[in-house]
There are 4 protein chains.
Amino acid sequence: MICVTETPAVPAKSTASRRGRPRSEASHQAVMEATARLLDVEELPYEELTVERIAAEAGVGKQTIYRWWENKAAVVLEALVTGYVKLDFHQVPDTGDLRADLDSWVEQSVKGLCKQDEDEGTVILRSLMAAIVSGGEAIQELLQNTDVWSGMHLAERLRSAHTAGELRDDVDPGMVASAVMGAVVMQMLTVGKPDGESLKRLLHVMLDGALEPRRPA
Amino acid sequence: MICVTETPAVPAKSTASRRGRPRSEASHQAVMEATARLLDVEELPYEELTVERIAAEAGVGKQTIYRWWENKAAVVLEALVTGYVKLDFHQVPDTGDLRADLDSWVEQSVKGLCKQDEDEGTVILRSLMAAIVSGGEAIQELLQNTDVWSGMHLAERLRSAHTAGELRDDVDPGMVASAVMGAVVMQMLTVGKPDGESLKRLLHVMLDGALEPRRPA
Amino acid sequence: MICVTETPAVPAKSTASRRGRPRSEASHQAVMEATARLLDVEELPYEELTVERIAAEAGVGKQTIYRWWENKAAVVLEALVTGYVKLDFHQVPDTGDLRADLDSWVEQSVKGLCKQDEDEGTVILRSLMAAIVSGGEAIQELLQNTDVWSGMHLAERLRSAHTAGELRDDVDPGMVASAVMGAVVMQMLTVGKPDGESLKRLLHVMLDGALEPRRPA
Amino acid sequence: MICVTETPAVPAKSTASRRGRPRSEASHQAVMEATARLLDVEELPYEELTVERIAAEAGVGKQTIYRWWENKAAVVLEALVTGYVKLDFHQVPDTGDLRADLDSWVEQSVKGLCKQDEDEGTVILRSLMAAIVSGGEAIQELLQNTDVWSGMHLAERLRSAHTAGELRDDVDPGMVASAVMGAVVMQMLTVGKPDGESLKRLLHVMLDGALEPRRPA
DNA sequence: TCGTAAGCGAGACGGTACGTCCTGTCTTCGC
DNA sequence: GCGAAGACAGGACGTACCGTCTCGCTTACGA
């Protein structure tokens, strides 16, 4: 759900073959998978997800993590960016009726997020935000080249809606995806428990517009 | 910018007078002011803002903080809730033209947020999100009775727009405020630097609606 | 076996009662006992004796150790200084014949030190030297006010020998103890395995003198 | 100052020529010289002298060190053994009067060791002891075939004193050297700062004997 | 002359300890 | 009994080394 144009992260080191032992791709993967496992399976919230735990889970030295990632936030973001961890949103159905499709998408997603006790459903979402919010300059730079939401299925559905003429010609479907996800996610985080009805109303505002239609014509 | 219906925070201890020395209102204020000073003036990011630092800055014992607040998130949230710290958003002008007003609001706000180097402008915003995202159950409960954005001037402007007939009758202005703030804030956090133009386009989607108006009828 | 005139270690903090929670004597003792247990019972060599292990063994936070001791060397030295750990030297018998007494002392001590496999017998001795040699300025200062060997029974025996007229009037029994212990310990460390016979010859040199007796007469 | 009968260190690999690239003598020397430079010139204490630092200083791969030496202690000991690093003891003069010669030797040596601030003078001595005390079995075995002190000029002077009849016939001059160096070195390490006067008195005990000469007959 | 086995510099690897920092609790005092 | 001070147990941090490993390259023997 996060799109990165390219991921240098490390200064690229110029030419092809460098001296010394090359980076272990196995370790790289192990770290990503360990992070995913801890977030997804063990549902550790971001603050309880420690670099030491990731290293142990991955069977990797702590230094190997710090050698390639700036901090915990960078690890978690990469795991989300590259799809090792997936946010718990459902696919958006495509019946041709965008409004109805989004309504059922919201309903399904909320149902999925709330079936667990307490707020476990939003653990990954919270971790994503925590990583974005806490990561230093490195994360900010990464986000420059990244559209956090455009990898989600919602964005795809909106693009197809755009070509199908369901959306106004003059709106960017990516922009709509950002607006929808931003509003929806923020609502989920700033309200105790996600609530399908209010989310749908929120959605409708964005679909139909808030302004009295006479004016913009 | 955060609205709380009531602020018990601590179980209220039933009746009026308890035994022993009553809570020192001076200490309470000192903590709030210290938090505000550290966030606003020193621009410490949330992770560098420690309880010990707040206590020291406030000239208060650490226990005094833990006696009245659950954790750091609760302190920060209360400081934001009760207005000791203010988010760096401008007031929304009221010329009668909501779209133009919001455009200039966005422009002014972005200008304010970006005048500092790097991402210092969003420090408080990030702290708010960090507190929301990291806080435990107590913060979740607090948020149940709270509308994070309805205290902002934007919400007021939208309410007046609603009564003035600028908004559609069937939309809740509070809902619109949530949608707008959610989308705007999320956009600010998930792209490296806030960018006035894209924020305005985002805003217009929400004002005019994303759907092709004729088609769904 | 190490004598300290006084052990301020920490700047004394002036007057009697200070504010805040006072140092926990229980923790202090726990650290000393844990150190003794690890050195004496588990026979960990100095390099494998970590601060973290001591803290864990003592049921104490690591910071509590670093609050009161400069480093590992200081902890180990205090444990030796204050008698929580004892070097594996036997008592010196007192038959009135100093030479014979020292011979049997050496024999007994070497037997004790060598009964274990490998070099476990000298673990504590090695730890003592490691602490002395590795400790920084703080340890050097501590040693200024300390006579490492004068607490051993050997020193006492030599003092009684001095008053009994067994030693020359003009020699300081403490000095003799230092010389004997220095030579013996160094021999033990710089030779693979302590060897009773060569130690005894070493001892006799010091008792009888190395010079051809005519000369100094 | 350390004498080794032979220095196989590595199992000798039987016959003369092995296949493959032979050991680079240049690297060997570079390591020894780097070690000497770091100990002698930069006066790094043993704990701050790391294998990585030595390798870097020598322009050598770390593995090249571990291929030929067991550990840091072995490297340092070989550097001391083979004279790349020298202990800061002066030569013993030979005026025919051993006692006076040793007195002036002590005085000169202490002067040399104390001219630097703090305890820098004994850095190499401390490193020697640290290596001996910390080194594992390999170092113990090495020490079996080695007399740490017999390479020093003191040993030579004592041997000549022995043939000149200055020493008692029945004492082994090597033994005396061990006793003297052991006592002197230990004194230097266990008191804060070496002190010429007490060292001389220590020395005199060993020259003249501690026992009352008439009594034991 | 060439293959190949070993050594080489470089540097990443799994591990582990370090010393610092912070959390949330506790234990003293003085008010 | 609150509040400031500050020590406590616990535990994560990010750094530094250790000793091993894996690269591509070099060296020099033996076929």
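Each chain gets a letter, A, B and so on, in the order the sequences are listed, and its residues count up from 1. Note that the structure is predicted; figures quoted are calculated from it, not measured.
Here F:dC17 presents its P atom at 10 Å from NZ of D:K72, a figure rounded to the nearest Å. If you take CD of B:Q63 and P of F:dG3, they are 10 Å apart, rounded to a whole angstrom. One can place CD of B:Q29 at 14 Å from P of F:dG3, the figure rounded to the nearest angstrom. Atom C1' of nucleotide F:dC21 and atom CZ of A:R23 are separated by 17 Å, given to the nearest angstrom. The separation between B:H28 atom NE2 and F:dG3 atom C1' is 15 Å, rounded to whole Å. Rounded to whole Å, atom P of E:dC21 lies 17 Å from atom CD of B:E47. At whole-Å resolution of the value, OH in C:Y66 and P in E:dC21 are 13 Å apart. The CD atom of D:E48 sits 19 Å away from the P atom of F:dT15 (whole-angstrom rounding).
Rounded to the nearest 0.5 angstrom, B:Y84 OH and B:E78 CD are separated by 8.0 Å. One distance of note links CD of A:E47 with OG of A:S134; it measures 10.0 Å at 0.5 Å rounding.
Residues D:V76 and D:S127 come closest through the heavy atom pair CG1-O, 4.4 Å.
OP1 or OP2 of E:dC13 has at least one side-chain nitrogen or oxygen of A:R67 nearer than 4.0 Å. Between D:S27 and E:dG9 there is a side-chain N or O to OP1 or OP2 distance below 4.0 Å. For D:T64, no side-chain nitrogen or oxygen approaches OP1 or OP2 of E:dG7 to under 4.0 Å. Residue C:R21 places none of its side-chain N or O atoms closer than 4.0 Å to OP1 or OP2 of E:dC29. For F:dG6, the OP1/OP2 oxygens have no side-chain nitrogen or oxygen of C:W68 closer than 4.0 Å.
Between D:L49 and C:K62, the residue anchored closer to the 5' end of DNA chain F is C:K62, taking for each the nucleotide with the nearest heavy atom. Both D:E25 and B:T50 lie near DNA chain E, and the one whose nearest nucleotide falls closer to the 5' end is D:E25.
Against DNA chain F, the stretch residues 51-61 of chain A makes heavy-atom approaches under 4.0 Å through A:V51, A:E52.
Inspection of the A:H28 and A:E33 side chains reveals no N or O donor paired with an N or O acceptor under 3.5 Å.
Judged by distance alone, the side chain of D:K72 and the main-chain N or O of D:A131 form no donor-acceptor pair under 3.5 Å.
Qualifying side-chain contact (heavy atoms from CB on, under 4.5 Å) partners for B:A74, counting only residues two or more places apart in sequence or in other chains: B:W69, B:E70, B:N71, B:I139.
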Which donor-acceptor pairs under 3.5 Å do side chains of residues 52-61 of chain B form with protein atoms, sequence neighbours excluded?
from: B:E52; atom 1: OE2; to: B:K62; atom 2: NZ; distance (Å): 3.2
from: B:R53; atom 1: NH2; to: B:E42; atom 2: OE1; distance (Å): 3.4
from: B:E57; atom 1: OE2; to: B:R37; atom 2: NE; distance (Å): 3.1

